[in-house]
Asker: 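The structure is given below, and queries will be raised subsequently.
The structure displayed is predicted, hence computed values, not measured ones. All residue numbers refer to positions in the sequence shown, counting from 1.
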Amino acid sequence: VFTLDTASICSTLLLIPLALKLFQLNTTRSLLRMNMDDSLVSYHRWSIVRLSILLVCMLFDLVVYYLVVDSTGLLCSLIVLLTTLICWPTEEKIKKHLESHNNGGIR
């Protein structure tokens, strides 16, 4: 029980910042040297990677919760779910992100 709870907490603490930072690094660097269409494809690809990492973390936390029936896995999965809801790409977020990076590259 202790090992699974610890693995759940560690995976949540490691994978959430990894997913956020990986997305930020790859979209920031690549969007400045791409045109709008390529930037959109890159943003879409890295959004899928970020959401996939978060999904794997959430599924692992839920499996730990159902195996151990302890609230630690459930709380970790809820944290990942909240992070996923914040990171979910909407049309407004995509336009704002692409415009800010394309405007930054022109200066």
Side-chain angles (χ1 to χ4, degrees):
V1 172
F2 175 76
T3 305
L4 286 174
D5 281 343
T6 303
S8 176
I9 293 169
C10 289
S11 69
T12 302
L13 287 176
L14 292 175
L15 290 178
I16 289 176
L18 174 74
L20 297 175
K21 193 65 174 176
L22 185 68
F23 176 81
Q24 189 251 341
L25 286 176
N26 286 305
T27 56
T28 302
R29 286 188 204 163
S30 63
L31 292 182
L32 292 176
R33 50 193 155 122
M34 294 181 182
N35 61 19
M36 192 60 122
D37 293 333
D38 292 337
S39 298
L40 188 60
V41 170
S42 177
Y43 186 90
H44 179 68
R45 182 181 314 119
W46 285 107
S47 291
I48 290 173
V49 170
R50 176 176 62 176
L51 292 174
S52 299
I53 291 171
L54 294 173
L55 176 68
V56 167
C57 183
M58 186 169 40
L59 289 176
F60 176 72
D61 292 339
L62 286 174
V63 167
V64 168
Y65 170 69
Y66 283 114
L67 287 175
V68 178
V69 189
D70 190 19
S71 62
T72 304
L74 185 62
L75 290 174
C76 289
S77 66
L78 288 175
I79 291 169
V80 177
L81 179 65
L82 289 174
T83 305
T84 304
L85 293 175
I86 292 169
C87 295
W88 193 263
T90 62
E91 188 174 345
E92 294 172 12
K93 287 182 185 178
I94 293 171
K95 285 181 181 179
K96 182 180 175 184
H97 191 78
L98 291 176
E99 287 175 3
S100 69
H101 285 293
N102 285 334
N103 289 337
I106 294 173
R107 293 180 200 171

Asker: Ile9 and Thr72: side-chain contact (heavy atoms from CB on, under 4.5 Å), yes or no, with the steps?
Answerer: CA-CA 8 Å; Ile9 293 169; Thr72 304; 3.6 Å; yes
Asker: What's the spacing between Cys57 SG and Ile16 CD1 if we round to 0.5 Å?
Answerer: 5.5 Å
Asker: Determine, using the 4.5 Å side-chain heavy-atom cutoff (strictly less than), whether Leu15 and Leu78 are members of one ILVMFWY cluster.
Answerer: no
Asker: Not counting sequence neighbours, which residues clear side-chain hydrogen bond (donor to acceptor under 3.5 Å, both in side chains) with Glu91? List them please.
Answerer: Lys95
Asker: Among residues two or more places apart or on two chains, list those pairs meeting salt bridge (charged side-chain N to carboxylate O under 4.0 Å, His left out) that have a residue in residues 52-64.
Answerer: none
Asker: State, yes or no, whether a side-chain contact exists between Trp88 and Leu51 at a heavy-atom distance under 4.5 Å.
Answerer: yes
Asker: If you look at every heavy atom in Asp70 and Tyr65, which pair is closest and at what distance?
Answerer: O-CD1, 2.9 Å
Asker: Shared ILVMFWY cluster between Leu81 and Leu59, side chains joined below 4.5 angstrom?
Answerer: yes
Asker: Do Ile48 and Leu18 belong together in a cluster built from hydrophobic side chains that touch within less than 4.5 Å?
Answerer: no
Asker: For Ala7, is there any backbone N or O sitting under 3.5 Å from a side-chain donor or acceptor partner on Ser11?
Answerer: yes
Asker: Are side-chain heavy atoms of Leu22 and Ile53 found at a separation under 4.5 Å?
Answerer: yes
Asker: Looking at CG of Leu82 and OG of Ser77, how far apart are the two atoms once the value is rounded to the nearest 0.5 Å?
Answerer: 9.5 Å
Asker: Side-chain heavy atoms under 4.5 angstrom apart, residues restricted to Ile, Leu, Val, Met, Phe, Trp, Tyr: same cluster for Ile79 and Met58?
Answerer: yes
Asker: Rounded to the nearest 0.5 Å, what separates atom CG in Leu75 from atom OG1 in Thr12?
Answerer: 10.0 Å
Asker: In chain order, what residues pass the side chain to side chain contact (heavy atoms under 4.5 Å, CB included) check against Phe23, with sequence neighbours excluded?
Answerer: Thr27, Tyr43, Trp46, Ser47, Arg50
Asker: Transitively linked via ILVMFWY side-chain contacts under 4.5 Å: Val80 with Ile86?
Answerer: no
Asker: Are any of the side-chain heavy atoms of Leu55 and Thr84 separated by less than 4.5 Å?
Answerer: no
